[in-house]
Amino acid sequence: MIKIVGLDEYLQSESRKENKLPDVSEKVKEILENVKARGDKAVIEYEQKFDRVMLTDLEVCPEEKEEALGSISDDYLQILTRAANNIREFHSRQVRNGFMFSNKEGVILGQRIISLERVGLYIPGGTASYPSSVLMNAIPARIAGCEEIYMATPPKIKPEIIAAAEIAGIDKIFKMGGAQAIGAFAYGTESVKKVDKIVGPGNIYVAEAKRQVFGRVSIDMIAGPSEILIIADKNNYPSHLAADMLAQAEHDKLARAILITNSMRIAKNVSAEIESQLMKLERHGIARESIDNNGRIIIVKNWDQACELANEIAPEHLEICVDDAFEWLAEGRIRNAGSIFIGRYSPEALGDYYAGPNHTLPTMGTARFSSPLSVDDFVKKSQYIYYSSKALSEVADDIEKFANSEGLTGHANSIAIRKEW
């Protein structure tokens, strides 16, 4: 059963908590080195070992795509299409242009925004097989203008994943999962060209592999267990709040679902609703462990305490279920959250699938300094400088003095030598 605690008790328990995950770094390092050295052969061997699938080719062929699409109902394809349209509409507003200006005669300064050439999307398989993640990761990359978008997912691919990939405009799909897929993207193989950036969620092996290849390629983030924080007043339906907490808890045994309220009545009724609804879930075993170990209902005296705690937790998902939720945003009371759901009829699932904002979000408190996945993640910036001879001569003395003050006489000379001309 979920624990109902006061603010002080919660803070004390959190200060004692140690989030220790298994150390898989050596295993992942071995896999990455093998893929780097042996390419396709290593990936195929790991797929046989871990996924128990014997492959001859890594890439999904046109016939496999056609067969998968043929097994999907028109109704589901239309749902995917409508969700994709919403995601495109939102992310198209994130596109930024470069700039150029001149602040004095003979000077031109500017910045170019250039899409990444090739990106790799990792999409989990098995019980965590999410077509929504395909749309959320691929569509911003396509809007950014990436020339090639690859997707890796474990070999037993659900038709819905392939359908989402087709709708999102993914160029190639590869049947490979785990750390070996990350290695193939980072180093390249006979079948897979190396990419510039790897994005997408995965298990602890995928996360560790992304950590180890960072620097050779860019990555989106190291994602931890998913989390939701709900701030709710007495005017909510307890059944709604419980349902939203369970929607998060069913993701993973390590997922966190937290409710902050100033009403003991709401707290007790939500706790009872969780028990009532939990056993009806298909993944009730996972949700049970998540709620018992990581779920909390926290009683606060006022909303200032709630906001302070929310900003400290910096949750991946934040639901603000109070009467004046928009005023909270306008007043800047909430600073740290990945995605904010405003009002009583904006549940997290709306954002997970359909509304349009991205569901790839910073976790484990990293919303203090990180942002949701966006078009910005698939571009890079270059800046440029032009000075005429006259413009350089006017600032040459300043630069020489600056360089000499740092002891970099070669820098100073590169300016001084141009005075001679």
Side-chain angles (χ1 to χ4, degrees), residues 1-20 224-249 254-275 278 287-344 346-348 361-370:
M1 179 173 288
I2 194 165
K3 296 176 182 175
I4 301 175
V5 298
L7 179 59
D8 290 342
E9 183 182 348
Y10 174 77
L11 293 175
Q12 289 173 8
S13 66
E14 285 296 296
S15 68
R16 294 192 297 266
K17 185 182 293 184
E18 291 186 23
N19 292 319
K20 286 190 175 181
S226 193
E227 59 208 14
I228 187 171
L229 173 62
I230 304 173
I231 301 176
D233 60 23
K234 64 181 180 180
N235 297 324
N236 285 274
Y237 290 108
S239 58
H240 293 182
L241 301 176
D244 291 357
M245 295 178 76
L246 288 172
Q248 191 62 45
L254 298 176
R256 289 205 306 168
I258 299 173
L259 170 66
I260 301 176
T261 183
N262 60 357
S263 168
M264 181 58 76
R265 177 184 61 83
I266 284 288
K268 290 180 177 179
N269 288 342
V270 169
S271 177
E273 275 289 338
I274 287 174
E275 293 304 309
L278 196 150
R288 170 91 275 166
E289 193 163 338
S290 168
I291 287 292
D292 288 352
N293 294 336
N294 306 311
R296 292 293 184 274
I297 299 176
I298 304 167
I299 307 296
V300 294
K301 296 177 181 178
N302 53 58
W303 292 139
D304 287 340
Q305 286 186 341
C307 292
E308 184 177 350
L309 181 56
N311 286 323
E312 179 64 26
I313 294 173
E316 179 186 15
H317 308 94
L318 173 64
E319 291 186 12
I320 307 178
C321 301
V322 300
D323 290 332
D324 53 352
F326 269 108
E327 292 181 22
W328 285 32
L329 290 189
E331 295 167 1
R333 301 177 78 174
I334 298 297
R335 293 185 57 85
N336 302 331
S339 193
I340 303 173
F341 300 79
I342 301 170
R344 310 184 204 285
S346 305
E348 180 206 321
L361 304 168
T363 62
M364 299 178 68
T366 58
R368 290 183 296 108
F369 49 80
S370 298

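Residues take their numbers from the sequence shown, with the count starting at 1.
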(message) Quick check: closest heavy atoms across Ser263 and Ile299, and the distance to 0.1 Å?
(response) O-CD1, 4.1 Å
Taking only distance into account, with no hydrogens and no angle test, what donor-acceptor pairs under 3.5 Å do side-chain atoms of residues 331-342 form with protein atoms, sequence neighbours excluded?
from   : atom 1 : to     : atom 2 : distance (Å)
Arg333 : NH2    : Asp304 : OD1    : 3.2
Asn336 : ND2    : Asn311 : O      : 2.8

(request) Could you tell me whether a side-chain N or O of Asn236 sits under 3.5 Å from a main-chain N or O of Cys321, the two making a donor and an acceptor? (result) yes
(message) Please enumerate all residues that pass salt bridge (Lys or Arg N to Asp or Glu O under 4.0 Å) together with Asp323, with sequence neighbours excluded.
(response) Arg344
(message) I need the minimum non-hydrogen distance between Leu259 and Ala232, along with the two atoms involved.
(response) CD1-CB, 3.8 Å
(message) Between Glu273 and Lys268, does any NZ, NE, NH1 or NH2 come within less than 4.0 Å of an OD or OE carboxylate oxygen?
(response) no
(request) Give, for atom CG of Leu7 and atom CG of Asn262, the distance between the pair rounded to the nearest 0.5 Å. (result) 12.5 Å
(message) Within the 4.5 Å heavy-atom criterion, are Gln305 and Asn302 side-chain neighbours or not?
(response) yes
(message) Tell me whether Glu275 at atom CD has more than 12 heavy atoms from other residues, nucleotides or ligands lying less than 6.0 Å away.
(response) yes
(request) Taking Ser290 for its side chain and Ala255 for its backbone only, find out whether a donor-acceptor pair lies under 3.5 Å. (result) yes
(message) Taking side chain to side chain contact (heavy atoms under 4.5 Å, CB included) as the criterion, tell me which of Ile230, Ile297, Thr261, Asp244 meets it with Val270.
(response) Ile297
(message) Please report the interatomic distance CD1(Ile266) to CD1(Ile260), rounded to the nearest 0.5 Å.
(response) 14.5 Å
(request) Scan for ring-ring contact (aromatic ring centres under 6.0 Å, His included) pairs involving residues 291-325, sequence neighbours excluded, and state none if there are none. (result) Trp303-Trp328
(request) Check each of Ile291, Asn294, Ile228 against Gln248 using the side chain to side chain contact (heavy atoms under 4.5 Å, CB included) test, and report the only one that passes. (result) Ile228
(request) Tell me, with the steps shown, if Ser346 and Glu319 meet side chain to side chain donor-acceptor pair (under 3.5 Å). (result) CA-CA 8 Å; Ser346 305; Glu319 291 186 12; over 6 Å; no
(request) Would you name the heavy atoms of Ala325 and Gly343 that are closest together and state the gap between them? (result) CB-N, 4.1 Å
(message) Counting C-beta onward and ignoring hydrogens, is there a side-chain heavy-atom pair between Ser226 and Glu316 closer than 4.5 Å?
(response) yes
(message) So Leu309 and Leu229, do their side chains get closer than 4.5 Å, heavy atoms only?
(response) no
(message) Within this structure, what is the CG-CD distance for the pair Leu254 and Glu227, rounded to the nearest 0.5 Å?
(response) 11.5 Å
(request) State, yes or no, whether a side-chain contact exists between Ile313 and Arg256 at a heavy-atom distance under 4.5 Å. (result) yes
(request) Could you tell me which non-hydrogen atom of Met1 sits nearest to which non-hydrogen atom of Ser271, and how far apart they are? (result) CG-OG, 3.8 Å
(message) Is the shortest side-chain heavy-atom distance between Ser13 and Val5 below 4.5 Å?
(response) no
(message) Could you check whether any side-chain heavy atom of Ile2 comes within less than 4.5 Å of a side-chain heavy atom of Met245, counting everything from C-beta outward?
(response) yes
(message) Taking the side chain as everything from C-beta on, heavy atoms only, tell me whether Ile258 gets closer than 4.5 Å to Pro315.
(response) no
(request) Could you check if a side-chain atom of Ile4 sits within less than 4.5 angstrom of a side-chain atom of Met264, using non-hydrogen atoms only? (result) yes
(message) Restricting to non-hydrogen atoms, name the atom on Thr363 and the atom on Pro225 that form the minimum distance, rounded to 0.1 Å.
(response) CB-O, 3.9 Å
